[in-house]
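Encoded as C-alpha cells, the structure appears first; notes follow it.
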Amino acid sequence: MTSHLTRLPAPDGVFPATAYTHVVLGTGRFVAISGQLALGEGGRLVGEGDPVAQARQVFTNLGRCLAAAGATFDDVVKLTYFMVDIAQLDAVRTVRGEFLDPARLPASSAVQVGALVAPEFLMEIEAYAVVADPGAPVTDG
C-alpha cells in the first residue's frame with residue numbers, strides 16, 4: 001500500500017510504541033477535526049455509561065467529519081483522547097481497531113480530565129489528518 005504519510009514507530013533512541021506511532025509525517029492539506037463526543041445525528045447521547053458504545057459513536061462521528069474534508073482514517077496523523085477515566089482507554093483502543101488499521105496507527109496522546117462538557121460523556125476525541133494533494137508524489141506508508 002502506498003501513502004502520502006510516513007510512520008516512524010521507533011525513532012532512534014525512543015522506546016518502540018505498541019499502541020500508537022511516535023512520528024507521522026506527510027505532505028498535503030492539513031485537516032483538524034474538533035473533539036467529538038458520543039452524540040448521534042439527532043444530538044442525543046449514545047451509550048450512556050458504556051465506554052464501548054460511546055467510543056464507537058465518537059469514531060463514527062470522526063469518520064463523518066473526515067469524509068466531509070475528503071479524508072479517511074488512513075489520513076489521520078494524530079488522535080488525542082480526553083478521558084474522564086483513563087482505565088477505559090483499552091475499550092477505546094479496541095473500538096479504534098474497527099476504524100483504523102492497527103499496522104498503521106497515528107501518533108496519539110491520552111489525557112485524563114476532571115470533566116467534559118457534561119457528566120454523561122466519558123470521552124472526547126480529536127483528530128488531525130493530512131490529505132494528499134492530487135498529483136503529489138506517493139511514498140511507502
Side-chain angles (χ1 to χ4, degrees), residues 1-41 43-141:
M1 175 180 225
T2 58
S3 171
H4 59 286
L5 302 177
T6 300
R7 289 170 175 79
L8 306 172
D12 289 342
V14 177
F15 188 76
T18 58
Y20 59 93
T21 299
H22 280 292
V23 178
V24 182
L25 54 110
T27 58
R29 292 182 296 113
F30 179 75
V31 177
I33 307 295
S34 292
Q36 296 296 301
L37 298 165
L39 291 173
E41 286 185 65
R44 292 184 179 263
L45 172 68
V46 173
E48 185 167 355
D50 182 346
V52 171
Q54 286 200 22
R56 193 166 285 121
Q57 183 62 50
V58 167
F59 276 101
T60 296
N61 291 347
L62 286 168
R64 290 173 177 160
C65 290
L66 288 163
T72 70
F73 281 106
D74 288 340
D75 300 308
V76 172
V77 296
K78 175 79 164 51
L79 291 171
T80 305
Y81 305 89
F82 301 97
M83 308 286 303
V84 174
D85 182 356
I86 204 73
Q88 296 174 342
L89 187 58
D90 284 341
V92 175
R93 286 180 175 155
T94 297
V95 172
R96 178 190 66 189
E98 299 172 15
F99 293 84
L100 283 92
D101 179 351
R104 299 173 45 80
L105 293 174
S108 298
S109 297
V111 180
Q112 181 165 313
V113 296
L116 293 169
V117 67
E120 61 268 21
F121 296 111
L122 303 175
M123 69 198 67
E124 181 174 330
I125 304 173
E126 67 182 18
Y128 298 127
V130 176
V131 181
D133 285 328
V138 178
T139 61
D140 287 334

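Owing to the predicted nature of the structure, the values given are computational and were not obtained by experimental measurement. We use all heavy atoms of the structure for the numbers below, so side chains are in, but hydrogens, waters and symmetry mates are not.
A donor-acceptor pair under 3.5 Å is formed between the side chain of His22 and the backbone N or O of Phe15. Here the side chain of Gln54 pairs a donor or acceptor atom with the backbone of Gly47 at under 3.5 angstrom. Checking side-chain atoms of Thr21 against main-chain N and O of Leu105 turns up a donor-acceptor pair under 3.5 Å.
In this structure, the side chains of Arg7 and Val24 come closer than 4.5 Å at one or more pairs of heavy atoms. A heavy-atom distance below 4.5 Å is not found between the side chains of Thr72 and Leu66. The shortest distance between side-chain heavy atoms of Val31 and Asp75 does not fall below 4.5 Å.
Remark: Ala91 engages Pro51, Val52 in a side-chain contact (heavy atoms from CB on, under 4.5 Å) (not counting sequence neighbours). Every side-chain contact (heavy atoms from CB on, under 4.5 Å) that Ala19 has, sequence neighbours left out, goes to Arg93, Arg96. Residues forming a salt bridge (Lys or Arg N to Asp or Glu O under 4.0 Å) with Arg64 (at least two apart in sequence, or on another chain): Glu41. With sequence neighbours left out, the side-chain contact (heavy atoms from CB on, under 4.5 Å) criterion links Glu120 to Leu45, Ala118. When the side-chain contact (heavy atoms from CB on, under 4.5 Å) test is applied to Ala55, the partners found at least two apart in sequence or on another chain are Val92, Val95, Met123. Among residues two or more places apart in sequence or in another chain, the side chain to side chain donor-acceptor pair (under 3.5 Å) test is passed with Gln57 by Asn61.
Sorted by first then second residue, the ring-ring contact (aromatic ring centres under 6.0 Å, His included) pairs that include residues 67-92, not counting sequence neighbours, are Phe73-Phe99. For residues 101-131, the pairs satisfying ring-ring contact (aromatic ring centres under 6.0 Å, His included) are Phe30-Tyr128, with sequence neighbours left out. For residues 108-119, the side-chain hydrogen bond (donor to acceptor under 3.5 Å, both in side chains) pairs, not counting sequence neighbours, are Lys78-Ser109. Among residue pairs with one or both ends in residues 45-60, those qualifying as salt bridge (Lys or Arg N to Asp or Glu O under 4.0 Å) are Arg56-Glu98; sequence neighbours excluded. Sorted pairs that involve residues 8-24 and meet salt bridge (Lys or Arg N to Asp or Glu O under 4.0 Å), not counting sequence neighbours, are lacking altogether.
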Checking Leu8 against Leu25 for the side chain to side chain contact (heavy atoms under 4.5 Å, CB included) test, could you report, in this order, the C-alpha distance in whole Å, the side-chain angles of both residues, the deciding distance, and whether it holds? CA-CA 8 Å; Leu8 306 172; Leu25 54 110; 4.0 Å; yes

Taking it one step at a time, do Leu100 and Phe59 satisfy side chain to side chain contact (heavy atoms under 4.5 Å, CB included)? CA-CA 10 Å; Leu100 283 92; Phe59 276 101; 3.9 Å; yes

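Atoms CD and CD, from Gln36 and Glu124 in turn, are 8.0 Å apart once rounded to the nearest 0.5 Å. Note that OG of Ser34 is 10.0 Å distant from CG of Leu62, once rounded to the nearest 0.5 Å. Remark: Thr27 OG1 to Leu5 CG distance equals 8.0 Å, nearest 0.5 Å.
The minimum heavy-atom distance between Val23 and Pro11, with the atom names listed, is CG2-CG, 3.9 Å. Across every non-hydrogen atom of Val46 and Gly40, the tightest pair is CG2-N, 3.7 Å. The shortest non-hydrogen separation linking Val130 to Gly26 is CG1-C, 4.3 Å. Here the closest non-hydrogen pair linking Gly70 and Val131 is O-CG1, 3.7 Å.
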